[in-house]
Amino acid sequence: MNIKFPIAFMKMSGTGNDFIIIDHRKKFIPLEFRAAFAKAVCQRKFSVGADGLILIQNSDQADFSWDFYNADGSSAEMCGNGARCAARFAYMKKIAPAAMRFETIAGIIEAEVVDHSVKLKMTQPEGLALDLKIDFGANDQTIHFINTGVPHAIFFVKDNRETPIVNWGSAIRFHEKFQPAGTNANFVEVIDRKTLSVRTYERGVENETMACGTGAVGAALIAAILRQVDPPVTVITSGGEKLIIHFSFENTAPPVITDVYLEGPASLIYEGQLEPEALRTLQPKPGS
């Protein structure tokens with residue numbers, strides 16, 4: 001491995017979902033090493049620590065593209081909170097204008113930066129499946145599914161404070177119904193016609209995160225289809241912050257959903273430089 005240190009980075013947070021972002025337009029991290037690099041720098045207490053790594057790269061189709069990795073080194077098609085942070089990073093670094101387009105595996109994302117907030121136009125949701133019977137916990141449960149750039153299972157609960165997120169989330173995430181890709185698991189409490197509480201178990205992180213943008217979108221869309229909310233929908237995240245989901249909706253058969261937007265903060269936490277010791281967890285253990 002021949003990487004030149006130090007590496008400049010920015011630590012950002014989208015409603016508690018945190019990311020390490022690096023300007024990688026002049027590529028210097030070999031492709032075959034990026035998954036291991038992401039896993040090392042995202043490891044909390046041993047390196048910077050984050051839910052994901054975002055590498056900002058050049059694009060022939062948009063203002064820029066990204067290479068996104070979860071904390072376990074796996075790649076993800078899309079991440080709503082990460083996308084907002086990437087958009088603000090690109091704007092602050094003069095890589096893109098305030099109204100921009102960027103390339104992800106899920107497709108071209110449109111974004112607009114206004115102060116510390118970013119509004120994303122999401123890709124068209126797909127794969128809608130209602131009333132799936134899934135065995136987790138003591139009995140079969142009714143779960144709904146939608147892909148909002150990444151796959152999301154939606155399960156409605158009466159009181160989200162009592163939800164066993166890790167146990168139930170892991171069971172859903174690895175359930176045979178959603179293999180081989182797996183799914184994120186979202187637990188949704190309807191507060192009123194305009195408000196949801198959403199807690200998410202994220203694949204790739206393999207734990208509850210403080211927020212999930214694509215999960216918030218999925219929860220709002222499913223709740224609207226089930227006639228429990230009306231757009232725009234405010235989602236209260238695990239971290240207590242708020243996301244606003246805008247969309248147009250026709251409750252036909254099948255439902256017609258268009259113009260889906262995710263709006264919320266993208267906060268700069270700090271800027272820094274990675275040194276070789278940030279990757280020390282990749283070094284062989286003594287005697288191994």
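Throughout, residue positions are numbered sequentially from 1 according to the sequence presented. As the structure is a prediction and not an experimental result, all values here were calculated from the model.
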Side-chain heavy-atom pair [X], [Y] within 4.5 angstrom cut-off:
X: R84; Y: T15; value: yes
X: F155; Y: L132; value: no
X: K177; Y: T183; value: no
X: T209; Y: S238; value: no
X: I154; Y: I143; value: no
X: V113; Y: M100; value: yes
X: K119; Y: V114; value: no
X: I222; Y: L130; value: yes

So does [Y] get a backbone contact from the side chain of [X], meaning a donor-acceptor N/O pair under 3.5 Å?
X: S47; Y: A278; answer: yes
X: T163; Y: I165; answer: no
X: K121; Y: E112; answer: no
X: H116; Y: S267; answer: no
X: H152; Y: N186; answer: no
X: Q43; Y: K39; answer: no
X: R173; Y: F178; answer: no
X: E189; Y: N160; answer: yes
X: R203; Y: A181; answer: yes

Report, one line per pair, each donor and acceptor closer than 3.5 Å where one atom sits in a side chain of residues 251-266; sequence neighbours left out.
{"from": "T252", "atom 1": "OG1", "to": "P254", "atom 2": "O", "distance (Å)": "2.7"}
{"from": "E263", "atom 1": "OE1", "to": "H246", "atom 2": "NE2", "distance (Å)": "2.8"}

Heavy-atom closest contact ([X] atom, [Y] atom, distance):
X: C42; Y: L53; answer: SG-N, 3.9 Å
X: F102; Y: A87; answer: CE2-CB, 4.3 Å
X: N70; Y: A38; answer: O-CB, 4.3 Å
X: N184; Y: V150; answer: ND2-CG2, 3.9 Å
X: Y201; Y: E206; answer: OH-OE1, 3.2 Å
X: N81; Y: F19; answer: C-CE1, 3.8 Å

Distance, nearest 0.5 Å, that separates [atom1] of [X] from [atom2] of [Y]:
X: T123; Y: L120; atom1: OG1; atom2: CG; result: 10.5 Å
X: I22; Y: F89; atom1: CD1; atom2: CZ; result: 8.5 Å
X: E77; Y: T214; atom1: CD; atom2: OG1; result: 9.5 Å
X: Q57; Y: D23; atom1: CD; atom2: CG; result: 9.5 Å
X: F28; Y: L55; atom1: CZ; atom2: CG; result: 7.5 Å
X: L268; Y: M92; atom1: CG; atom2: CE; result: 5.0 Å

If you count every heavy atom of other residues, nucleotides or ligands that lies below 6.0 Å from [X] atom [atom1], does the total exceed 12?
X: F145; atom1: CZ; result: yes
X: E275; atom1: CD; result: yes
X: Q273; atom1: CD; result: yes
X: F46; atom1: CZ; result: no

### Query
Going through the distances and angles, do I244 and V233 end up as a side chain to side chain contact (heavy atoms under 4.5 Å, CB included)?
CA-CA 6 Å; I244 302 174; V233 178; over 6 Å; no
### Task
For the pair Y270 and V48, evaluate side chain to side chain contact (heavy atoms under 4.5 Å, CB included) and give the outcome as yes or no after the intermediate values.
CA-CA 11 Å; Y270 58 85; V48 178; 3.3 Å; yes
### Message
Strictly by salt bridge (Lys or Arg N to Asp or Glu O under 4.0 Å), give each pair with a member in residues 229-247 just once, sequence neighbours left out.
### Response
R193-D230
With a 4.5 Å cut-off on side-chain heavy-atom distances among I, L, V, M, F, W and Y, is there a chain of contacts connecting [X] to [Y]?
X: V118; Y: W66; value: yes
X: F68; Y: I56; value: yes
X: M10; Y: F37; value: no
X: L31; Y: I105; value: no
X: V41; Y: V205; value: no

Could you check whether [X] pairs with [Y] (Lys NZ or Arg NE/NH1/NH2 to Asp/Glu carboxylate O, under 4.0 Å)?
X: R44; Y: D51; value: yes
X: K194; Y: D192; value: no
X: R34; Y: D67; value: yes
X: R199; Y: E208; value: yes

### Query
Would F187 and T200 count as a side chain to side chain contact (heavy atoms under 4.5 Å, CB included) if you check the C-alpha gap in whole Å, the side-chain angles of each, and the deciding distance to 0.1 Å?
CA-CA 6 Å; F187 301 90; T200 303; over 6 Å; no
### Task
Test D72 against S74 for side chain to side chain donor-acceptor pair (under 3.5 Å), laying out the working first.
CA-CA 6 Å; D72 68 352; S74 61; 2.6 Å; yes
### Query
Parallel, tilted or perpendicular: which describes the rings of H144 and F156, with under 30° parallel and over 60° perpendicular?
perpendicular
#### Entry: side-chain contact (heavy atoms from CB on, under 4.5 Å) partner of V198, the single match among I236, T237, V217, V188
V188
### Task
With side chain to side chain contact (heavy atoms under 4.5 Å, CB included) as the test, would you mind laying out the steps for K11 and D18 before giving the verdict?
CA-CA 7 Å; K11 180 72 177 288; D18 58 342; 3.3 Å; yes
